[in-house]
Amino acid sequence: MPTAASKFTAVIRRIPTGKVATYGQVATLAGLPKNARQVGTVLKSLPEDSGVPWHRVVNSQGHISERNSSTFEGLQRFLLEDEGVVFSESDRIDLNEHQWQPSRRAKH
DNA sequence: GTTATGACCCAAA
DNA sequence: GTTTGGGCCATAA
C-alpha cells in the first residue's frame, strides 16, 4: 500500500497549470480528509526533483503558506503568477476563480 | 517504544 | 475583520 506521502504527491501532480488547490482539498482527494496538516509536513520534506508542483498548494484562505526561509517567500507567488494566477490586493488568491475543480473520476 | 513539532482546518466568540 | 481553542496525524528526534 502506498504511503500517505505518495498519495498526496499523486494528487498534487494532477493540479493543472494556472489552478491551485487547498491543503484540505488535496487531503480529501487523496482519500485522507483528516490529513490536511500532513500535506504540509510532506511537502516540506519533498526533494526538488520530485516533480511536484508544491507552489500550487495554498491554505484555505487562498494565502501562501510561509516557511522559515525568506528566500522562497516570494518564489511561490512568482511561479503562480507566471502560470496565470492572479493575486488580490491582500496577497491572496481568489479561490472562487483559481481553485482547481477536479472532475470526478472513479479511480479510472 | 515515546515525545515534540508542524507549508493545516474549522467552528465559536 | 481578529483571537481562541480543539482536533487530526505523518514525520523527526
Side-chain angles (χ1 to χ4, degrees):
Chain A
M1 93 183 253
T3 65
S6 58
K7 287 185 183 177
F8 293 141
T9 56
V11 172
I12 298 175
R13 264 180 233 263
R14 297 188 201 138
I15 304 176
T17 302
K19 292 292 179 181
V20 297
T22 65
Y23 289 91
Q25 186 179 6
V26 171
T28 301
L29 292 174
L32 304 169
K34 322 230 170 204
N35 295 47
R37 200 171 219 178
Q38 277 54 22
V39 178
T41 305
V42 167
L43 252 59
K44 91 179 178 185
S45 300
L46 279 179
E48 299 178 1
D49 54 3
S50 55
V52 178
W54 55 269
H55 55 270
R56 291 180 195 152
V57 183
V58 295
N59 61 26
S60 256
Q61 303 175 358
H63 196 263
I64 293 178
S65 306
E66 300 183 24
R67 64 168 58 172
N68 291 328
S69 301
S70 54
T71 309
F72 296 93
E73 63 182 41
L75 176 61
Q76 183 168 11
R77 172 164 182 170
F78 177 80
L79 291 172
L80 290 175
E81 288 181 333
D82 189 53
E83 293 181 349
V85 177
V86 178
F87 284 73
S88 75
E89 308 168 358
S90 306
D91 295 307
R92 279 184 288 149
I93 299 174
D94 187 348
L95 293 179
N96 189 35
E97 198 52 45
H98 290 288
Q99 184 172 30
W100 177 40
Q101 295 162 4
S103 310
R104 307 180 273 97
R105 55 189 63 182
K107 259 196 252 188
H108 185 9

query: What is the distance, rounded to the nearest whole Å, between atom CZ of A:R77 and atom C1' of B:dA7?
result: 18 Å
- prompt: For residues 35-60 of chain A, which residue pairs qualify under salt bridge (charged side-chain N to carboxylate O under 4.0 Å, His left out), counting only residues two or more places apart or in two chains?
  reply: A:R56-A:E83
message: Quick test of your reading: applying salt bridge (charged side-chain N to carboxylate O under 4.0 Å, His left out), list the pairs with at least one residue in residues 85-99 of chain A, sequence neighbours left out, ordered by first then second residue.
response: A:R77-A:D91
- request: Please tell me which of the listed nucleotides, C:dG7, C:dA12, B:dA7, lies nearest to the side chain of A:R37?
  value: C:dG7
Spacing of A:L32 atom CG relative to B:dC8 atom P, expressed in whole Å: 18 Å
- prompt: Where along residues 85-93 of chain A does a heavy atom come under 4.0 Å from DNA chain B, residue by residue in number order?
  reply: none
query: Expressed in angstrom and rounded to an integer, what is the separation of A:E48 atom CD from B:dA7 atom C1'?
result: 16 Å
task: Could you state the atom-to-atom distance from CG of A:L80 to C1' of B:dA7 in whole Å?
output: 13 Å
query: Do the side chains of A:H63 and A:V58 get nearer than 4.5 Å, heavy atoms only?
result: no
- request: Mind calculating the distance between CZ (A:R56) and C1' (B:dA7) to the nearest angstrom?
  value: 17 Å
- request: Measure from CD on A:Q61 to C1' on C:dT2 and round the result to the nearest Å.
  value: 11 Å
query: Please give, in whole Å, the distance from B:dC10 P to A:N59 CG?
result: 10 Å
query: Do the side-chain N or O atoms of A:S45 get closer than 4.0 angstrom to the phosphate oxygens (OP1, OP2) of C:dT11?
result: no
- prompt: Base, sugar-phosphate, or nothing for A:A5, non-hydrogen atoms under 4.0 angstrom?
  reply: sugar-phosphate
- prompt: In terms of side-chain heavy atoms of A:A36, which of B:dG6, C:dA10, B:dC9 is nearest?
  reply: B:dC9
Nearest-nucleotide comparison on DNA chain C, the residue closer to the 5′ end among A:K34 and A:V42: A:K34
query: Can you check whether A:T41 has a side-chain N or O nearer than 4.0 Å to OP1 or OP2 of B:dA7?
result: no
message: Taking the side chain as everything from C-beta on, heavy atoms only, tell me whether A:H55 gets closer than 4.5 Å to A:F78.
response: no
field: A:Q99 CD to B:dC9 P, straight-line distance once rounded to whole Å
entry: 11 Å
- prompt: Closest to the A:N35 side chain: B:dC8, B:dC9, C:dA10?
  reply: C:dA10
- prompt: Within a strict 4.5 Å, meaning less than it, do heavy atoms of the A:L95 and A:V20 side chains meet?
  reply: yes
message: Measuring from the side chain of A:K44 (C-beta onward, heavy atoms only), which nucleotide among C:dG7, B:dA7, C:dA10 has the closest atom?
response: B:dA7
Closest non-hydrogen atom pair, A:H98 against A:G18: ND1-O, 3.7 Å
- prompt: B:dC8 phosphate, OP1 or OP2: any side-chain N/O from A:T22 under 4.0 angstrom?
  reply: no
Student check: side-chain heavy atoms of A:V11 and A:V39 closer than 4.5 Å: no
